[in-house]
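Please read the structure below before turning to the comments.
Values reported hereafter were calculated over all heavy atoms of this structure, with side chains retained and with hydrogens, waters and symmetry mates removed. First listed ligand is number 1; within each ligand, the first listed atom is number 1.
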Amino acid sequence: MSGRRNVLYLFDVDGTLTKPRQVIQESLKSFILNDVKSRVAVGLVSGSDYTKIVEQMGGEEVTNQFDFIFCENGVVQYRQGELKSVESILSYIGEEKLQKVINFALGYMSKLVLPAKRGNFVEFRSSMINLCPVGRSCSQTERDQFSQFDKEHKLREKFVEALNNEFKGYELSFALGGQISVDVYPAGWDKTYCLRHVADANFDEIHFFGDKTMPGGNDYEIYEDSRTIGHTVTSPDDTREQLKQILYHQ
Ligand code: M1P
């Protein structure tokens, strides 16, 4: 696209472009794909898998308009709907270690008493395992209820601490996912992983926008990375406001 600055804006999805697990608002989508994209390159980087990102962006005709789609922190990379590269946590750590982590996590979660428990407590993805005490098949109401309960009881933080203590030397990272889960991936396979895919483009600046930029959050490493200029946002509306400030007041 001619006339664009040699700059990349990378966006987290949940909490940054959409409410957790919800679909992006029409106005924000159009603002990013028209106003923002006419000035700079745009990309998505999420812990979620491709199917969920496509769903939350409102379809592949939308994701195809982004210059970069980095799923599972960039360990799975798509362009124009085509899978470009993928790595596997299973080949990386092996079945034995993987099962030890899963068994420990299931044991730990089995002892928790929560407002609700549903199904799909362990989701196996190409690059990571997602551990979810309430169960990923919970309803939106149960998700919100768990999230509130977790804020009060710091359940996931304690879970992450227990995992870190149990698996010292495994070279795994345990990070708070979005609202209800913990992501487990090989050390270094956090969102900074995606930056290797844009190294050749030699962008003058890479801006990253995310809501979980505090230590322990899954946006922390890329937000702090010296290759990016980090922006902490509090909601999709805040993302839009910050974008306007940066784009129109530079
Ligand atoms: O924001 C990205 C996160 O989205 C989901 O988190 P949760 O279900 O906890 O809200 C998960 O897909 C998680 O893996 C991912 O990091």
Would you mind running through ligand 1 and noting each atom that sits below 4.0 Å from a heavy atom of Q179?
7 (P), 9 (O), 10 (O)
Ligand 1 and I180, any nitrogen or oxygen pair closer than 3.5 angstrom?
yes
So which of F209, F11, F208 actually passes ring pair (Phe, Tyr, Trp, His ring centres under 6.0 Å) with H231?
F209
With no hydrogens and no angle check, just 3.5 Å: does a side-chain donor-acceptor pair link D35 and Y248?
yes
Ligand 1 to R125, heavy atom cutoff 4.0 Å, flagged ligand atoms 11 (C), 12 (O), 13 (C), 14 (O)
Regarding S127 and E87, do their side chains bring together a donor and an acceptor under 3.5 Å, going by distance alone?
no
Between the side chains of T239 and Q242, is a donor N or O closer than 3.5 angstrom to an acceptor N or O?
no
So that I can tick it off, tell me whether D12 and K191 are bridged by a salt bridge, with the cut-off set at under 4.0 angstrom between side-chain N and carboxylate O.
yes
Return the closest protein heavy atom for atom 15 (C) of ligand 1 as residue, atom name and distance.
D183 OD2, 3.6 Å
Treating Ile, Leu, Val, Met, Phe, Trp and Tyr as nodes and any side-chain heavy-atom pair under 4.5 angstrom as an edge, say whether L33 and L243 lie in one connected cluster.
yes
Which of the atoms in ligand 1, numbered in the order shown and given with their element, are less than 4.0 Å from a heavy-atom of N130?
11 (C), 13 (C), 14 (O)
Check this for me: E96, atom CD, are more than 12 non-hydrogen atoms of other residues, nucleotides or ligands nearer than 6.0 Å?
no
Quick one: does K212 get within less than 4.0 Å of ligand 1, heavy atoms only?
no
Under 4.0 Å from ligand 1, counting heavy atoms only, is it the side chain of S181, its backbone, both or neither?
both
Indicate whether any N or O donor in one side chain lies under 3.5 Å from an N or O acceptor in the other, for N130 and S181.
yes
May I ask you to list the atoms of ligand 1 that are less than 4.0 angstrom from any heavy atom of R143?
7 (P), 8 (O), 10 (O)
Nearest-contact summary for atom 8 (O) of ligand 1 - protein heavy atom, Å
R136 NH2, 2.7 Å
Do any N/O atoms on S48 end up under 3.5 angstrom from N/O atoms on ligand 1?
yes
Looking at ligand 1, does K52 have a heavy atom less than 4.0 Å from it?
no
Under 30°, 30 to 60°, or over 60°: which ring-plane class applies to F167 and Y170, parallel, tilted or perpendicular?
tilted
Closest non-hydrogen protein atom to atom 6 (O) of ligand 1, residue and atom name please, with distance?
G178 N, 3.0 Å
Could you identify the single nearest non-hydrogen protein atom to atom 4 (O) of ligand 1 and state the distance to 0.1 Å?
D14 OD2, 3.4 Å
For ligand 1, note which part of N218 has a heavy atom under 4.0 Å away: side chain, backbone, both or neither.
side chain
